[in-house]
Amino acid sequence: MIPCQIEAIDDIVDFVDGLIVPGCDLDINPKFYDKVVSDKTKTMPNDEKVVFELALVKRILDKNIPFLGICHGMQLMNVVLGGDLIQHIPDYIKSEINHEQPVPKDVPSHLIKIKKDTLLAEIAKDYTEILVNSTHHQAVNNLGEGIIVSATAPDGIIEAIELPANTFALGVEWHPEYLHRNQDLDIKLFDAIVAAATFKNN
Ligand SMILES: [Mn+2]
């Protein structure tokens, strides 16, 4: 755990070899991507946490420090680079897929397709499609500067993004921390950021 203090960012960035930003039950206030809040968006009670996170992720990406964003962490990555979010998927598309799965998080519920020639494809090796869990009602919409899509659901919802200009900057919309016991790719994601952070440190 690191303190949510803007003044601490220089020390944090000097100290860390890599950063994983996990999920969050509350949404990023849409004012941070120049949109009006929808009635389905559940924003945080104050801006302190997200202001800190946006500033920290920006510095981490600027300094090419290995970064893995999970769900909320992926959405932060897109927003800091000028992208925006779908505020509530069912208001945006009619889909067969329920991205807020009723089953527990350690049960995968929908497929994703991994795009060729991406960092995610390199980590996934032989897998081009995998099953993931899905507990999000928001998703990446317009991409931030320099970001590419590395995986999508069959309904077109973006499930992973990355920043090819960086050594390791990846965002995933699912929660690999709940699947890693059963799925090879999910543990490989954590192995890959640890390897990138260790390499950078040597
Ligand atoms: Mn999903």
Side-chain angles (χ1 to χ4, degrees), residues 20-30 32-33 35 38-44 50 53 57 67-81 83-116 118-125 127-144 147-163 169-190 192-193:
I20 298 175
V21 176
C24 176
D25 289 339
L26 296 171
D27 301 321
I28 299 171
N29 193 314
F32 293 107
Y33 48 89
K35 291 284 185 320
S38 99
D39 59 351
K40 306 279 181 23
T41 295
K42 297 164 276 184
T43 57
M44 296 172 201
V50 77
E53 289 174 329
V57 172
F67 174 82
L68 174 63
I70 295 173
C71 198
H72 171 73
M74 168 193 183
Q75 295 173 3
L76 282 170
M77 173 181 167
N78 194 50
V79 170
V80 293
L81 292 170
D84 62 14
L85 303 177
I86 294 169
Q87 290 192 50
H88 189 62
I89 295 167
D91 290 346
Y92 185 79
I93 51 160
K94 291 273 167 278
S95 175
E96 307 270 288
I97 296 171
N98 182 356
H99 287 275
E100 293 181 274
Q101 67 182 45
V103 293
K105 284 183 184 173
D106 60 353
V107 180
S109 70
H110 73 70
L111 267 179
I112 61 164
K113 276 193 179 161
I114 297 170
K115 294 198 185 293
K116 283 183 190 160
T118 60
L119 173 65
L120 184 63
E122 200 180 301
I123 296 167
K125 294 214 163 58
Y127 296 98
T128 54
E129 289 189 343
I130 59 158
L131 278 166
V132 295
N133 55 15
S134 195
T135 64
H136 58 114
H137 80 116
Q138 299 201 329
V140 164
N141 187 25
N142 293 300
L143 296 173
I147 287 180
I148 62 164
V149 173
S150 36
T152 53
D155 59 7
I157 289 295
I158 294 170
E159 291 279 340
I161 57 173
E162 57 194 68
L163 194 56
L170 181 62
V172 298
E173 191 57 80
W174 73 96
H175 286 270
E177 73 276 22
Y178 284 92
L179 296 174
H180 65 92
R181 284 182 194 84
N182 307 323
Q183 297 211 123
D184 209 24
L185 172 63
D186 294 291
I187 191 69
K188 280 183 181 162
L189 287 173
F190 294 107
I193 185 171

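Remember, it's 1-based here, ligands and their atoms both numbered in the order they're listed.
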*Given the rule in the side chain to side chain contact (heavy atoms under 4.5 Å, CB included) test, do Leu76 and Val21 qualify, once you have shown the distances and angles that lead to the verdict?*
CA-CA 9 Å; Leu76 282 170; Val21 176; 3.8 Å; yes

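When the Mn ion (ligand 1) is compared with the N/O/S atoms of His99, atom ND1 turns out nearest. Restricting Glu159 to its N/O/S atoms, the shortest distance to the Mn ion (ligand 1) is reached by OE2. Looking only at its N/O/S atoms, His136 has NE2 as the one nearest to the Mn ion (ligand 1).
Under 2.8 Å from the Mn ion (ligand 1) lies no N/O/S atom of Glu173, from backbone or side chain alike. Not a single N/O/S atom of Asn133, whether from backbone or side chain, sits less than 2.8 Å from the Mn ion (ligand 1).
A ring-centre distance under 6.0 Å is not found for His72 and His136.
A donor-acceptor pair shorter than 3.5 Å cannot be found between the side chains of Asp39 and His88.
Under the 3.5 Å distance criterion, the side-chain polar atoms of Asn78 are matched with a main-chain donor or acceptor of Asp84. Of the possible polar contacts, none joining the Glu129 side chain to the Lys113 backbone as a donor-acceptor pair under 3.5 Å is found.
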